[in-house]
Each structure stands twice: as structure tokens, then as C-alpha cells.
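Okay, structure first, notes after.
Remember, predicted model here, so these are calculated numbers, not experimental data. Residue numbers start from 1 in every chain, and the chains themselves are labelled A, B, ... in the order their sequence lines are given, proteins ahead of strands.
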2 protein chains.
Amino acid sequence: MGKSQNKREQILEIAERAVLAKGFGATSIEEIIAEAGITKSGFFYHFKDKNELALALINRYIDQDDALFDEIFNRADELSSDPLHSFLIGLKLLAEMLDNLPEGHPGCLVATFCYQERLFNKDVILRNKEGLLSWRTRFRGHFEKIAEKYPARDPVELDHLADMLSSTIEGGIVLSKAMGKPKTLSQQIMLMRSYVRLLFEPVPS
Amino acid sequence: MGKSQNKREQILEIAERAVLAKGFGATSIEEIIAEAGITKSGFFYHFKDKNELALALINRYIDQDDALFDEIFNRADELSSDPLHSFLIGLKLLAEMLDNLPEGHPGCLVATFCYQERLFNKDVILRNKEGLLSWRTRFRGHFEKIAEKYPARDPVELDHLADMLSSTIEGGIVLSKAMGKPKTLSQQIMLMRSYVRLLFEPVPS
DNA sequence: CAATTACTGTACCGCCAGTACAGTAATTTT
DNA sequence: AAAATTACTGTACTGGCGGTACAGTAATTG
């Protein structure tokens, strides 16, 4: 290879930060290449147009998030073999991890992209949707095992419950960012955890 | 007055739709004036720059949302004088109302703006934050009355619980838009309703 | 030694935000 | 009836950006 090989990765990092702070349309290629120290030709060597950058950004984001959820819930499974308590531990680990980000959560690309859908082609929109669906499948798996062992105190659809975690994270990020309070996100996750406990944990009779 | 008087309002309507579909930075003044049938000078007569448009948009959005919450929760108060049941009715009315929007919720300006903060000046950011804080105060009022009468089954902060409704709405809108399923939003609100019931409603011993 | 990778450099087009300022038709105030 | 205000139109310009095109090049790989 020519030189760095990681210039592409650097572009993605810079672009993600800029897109989360200003939106995709307002992020200029010029500012990205200025910060990355490359020329415009260098950028268009890696991405044939801005939409290809968007696709690479969302793919990267979803892959990273998947890896993070794997790590957290695998760790939780090591700490308890009970599906309910393992999931509750996972939510706590998630909340703690998010609380330890000094600047708060930087923002979710899925959320920004859904608020700028007119800017993207079908591939990007589809990948965004797939990310959400994969998280639904993942979390639904947890709730299926929980509901098998513990009867729910209120009849709820497991798909909706699975979506609730994605929704809580998305909503929590919006409140955190808009109010300038990083802790808000973890507080919302802990509230959802409280709901899961009330819904499934047997009353200590 | 010159002619229409409502051109300003028309600009705001067109701009809001465009901003929710493409982001603020990607919404050009040219397209707004083209759709409104005015000239660029006409636009700059009403708003001295794009930031003033942003401020007018967020003010309008928050005012409309406040009016909507007033209507729904006043109506709920007419249907039950009990604070818990009145709030549960309000959540149901809200979910039903959102379900009856044929195209789904168009999106929340507070959410888009928080994902594009670098584009706005302090006034806009502040107004965005104030909107969220006013909803916290509003919903906290409901939870205070509920908690006074019914002991919570889990020790939770009322501010967090109040934020949970804003968070549920924001998260639900993101999922609805990204997945192309308008019903997701009302489903999430009904899940929050289920939580409030489990948290406060006495068990029928 | 040839091909590939990862770029640089130069030059250009058309669109858009924003500025400036002069003009005007209708309405309201005095 | 005259003056002022409101709500615009019209024209003309600057500078920045997305995107295209294409030629060149230094390092690495097969």
C-alpha cells in the first residue's frame, strides 16, 4: 500500500464526529479533508460520493454497536445464568459504561440519519432499518428466555419490549444532548430496568 | 398590511417539513421560497438570517406541543379525578391521537436540533433545552400527585420519571421513522403506561 | 519489472447562503 | 390628504461547497 492505509478510517472518525454535531448535509467534505490532512482527490479515492461515505459511516456504527452489545451481555451471562438476572445485570453494565463516558454519549447515527432521510439513497436507509431490526432480534431473544421462565405481570408484545431498549437509548441520547446532562441516558436505562423487574421478577411472598 | 400576512407562517410550515426530512443545514432557503412562491428578499424581510428562522421554528414547535399536551391532559382530567387514572387516560389518549396521524408523527424539532447543535446560536440551543425542561415540570406535576396518593413500588426519582415520557416520545419517533412503522411510537407510549401502572397501581388484593 | 494502492495537483461547473440596496403597492396612522 | 409603515419584488454580487475530470506519482506487492 501507498502510505497510511488508515486514512480511510480517519476520514470515517472525523466525519462521524462532524455529522453528529452538525448533521450530514451541513458537514462539508472540505472540512473533513482539512482535518484529515488529505486532498479532495484523496477523499474521492476512498468514497465515490457523499452517499458512499454515509453508507460506510452507518455500517461502521452498527458494527461497533453490535460488538459492544455482544461484550456487555456476554459478560452479564457470565455473572448469572438466570435469563432475567443476567439481562438486569446487562442493563446495569450498560448504564455504568455510558455513565463513564466523560463527555457523554456522542450521539447515534441511526437517529441523525432518520431525521435526514431525504439526503440518502435506499442502501443507507435500508442499513439504518436493518440495524434497528437486528437489535430488536437480539433483545427479543433475551425477553423470550425471560418470559419462558417468569410470567409477565402485564400482557406485552415481546417485539415492543425489545424495541423499548432501542427506544430508551435513542430517547435518552436526545435528552442528554439537548439538556447537556450526560447522566440522563443512564437514568433512563435504569428506569427501563425497573420496568423489566416489576414486569417479570416474582414478588417475594 | 401589504398582502397575505400569513406568508411568514407559510414559510415556517414549509421549513419545518423540509428540516424534519433533510436536516437544517441541508434545507436551502431557495427551496423554501420556491415552494412558498416568494422571493429571497421576501424571506429575509421576515428573518434576518437562517438562525432566526431556526429560533422561530423551535418556538412555534414548542408552543404547539404545549398546547397539545394541555388539551390531552385537561381532557383526561375531565374523565377522572384520580391523579393516577387521569394520567393513564392521558397516555392512552396521546397514543390514540398519534396512531390516528395517517403518515405517522412528522418528527420532533427538538431531536433534530440537538443532533445539529453546531449550526445554531445560543438562543436556539437554550430554547430547545427550555422546551424539554418545561415538559419535565409538567409531567413531574402529574407524578407528584400520583406518588402522594399511591406509594411507588420501586424507589424512582420523579424527575427521571417525568423525563421518561419525553424520552419515550423521542425514542419512539426515531424508531417509527427509521423503521417506517408509524405504530411503533404509540406502542412505546403504551409500554410506558404499563410501567406507570405496575409502579403505582395497588394490587387488587 | 509490472501492476496495484493510495494518494497529490490542477482546473473547472453550477448551486446556494448571505449581503446590499433600490423600488413599490397596499394599508394604517396622523 | 399626506406620511409612515408593512410586506414584499427585483437586481446584482461574493464566496464557499459538492462534484467531476483527469493526469501524475511514490511506495508496496506479486
Using the side chain to side chain donor-acceptor pair (under 3.5 Å) rule, take A:Trp135 and A:Asp163 through it: C-alpha gap first, then chi angles, then the decisive distance, then the call.
-> CA-CA 8 Å; A:Trp135 293 328; A:Asp163 283 347; over 6 Å; no
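- Here the nucleotide nearest the side chain of A:Lys50, chosen from C:dT19, D:dG18, D:dA7, is D:dG18.
- Contact check of residues 29-40 of chain B against DNA chain D (heavy atom, cut-off under 4.0 Å) returns B:Gly37, B:Ile38, B:Thr39.
- Distance, B:Phe43 CZ to C:dA17 P: 9 Å, rounded to whole Å.
- A:Leu53 places a side-chain heavy atom less than 4.5 Å from the side chain of A:Ile11.
- Rounding to whole angstrom units, CG of residue A:Asp49 and C1' of D:dA21 are separated by 15 Å.
- Atom CG of B:Leu53 and atom C1' of C:dG18 are 14 Å apart (whole Å).
- Residues from residues 113-122 of chain B placing a heavy atom under 4.0 Å of any atom in DNA chain C do not occur.
- A search for side chain to side chain contact (heavy atoms under 4.5 Å, CB included) contacts involving B:Glu71 returns nothing, not counting sequence neighbours.
- Between B:Tyr45 and D:dC8 there is no side-chain polar atom (N or O) within less than 4.0 angstrom of OP1 or OP2.
- Atom CZ in A:Phe44 sits roughly 17 Å away from atom P in C:dG9 (whole-Å rounding).
- The number of heavy atoms from other shown groups lying within 6.0 Å of CD (B:Glu130) is above 12.
- With rounding to whole Å, A:Phe47 atom CZ is found 12 Å from C:dA6 atom P.
- Taking the ring centroids of A:Phe120 and A:Phe24, they lie under the 6.0 Å cut-off.
- OP1 or OP2 of D:dG16 has not a single side-chain nitrogen or oxygen of A:Ser28 nearer than 4.0 Å.
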Test ring pair (Phe, Tyr, Trp, His ring centres under 6.0 Å) on A:Tyr195 and B:Tyr195 and set out the steps.
-> CA-CA 6 Å; A:Tyr195 177 45; B:Tyr195 178 44; 5.5 Å; yes
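- To the nearest 0.5 Å, the span separating CD1 on A:Ile14 from OG1 on A:Thr27 amounts to 11.5 Å.
- Nearest nucleotide to the side chain of A:His46, out of C:dC7, D:dG19, C:dC16: C:dC7.
- Counting non-hydrogen atoms under 4.0 angstrom, A:Ser41 reaches a base of the nucleic acid.
- By the 30° and 60° cut-offs, the orientation of the rings of B:Phe139 relative to B:Phe73 is perpendicular.
- Annotation: A:Glu201, atom CD; neighbour count of heavy atoms from other residues, nucleotides and ligands within 6.0 Å is above 12.
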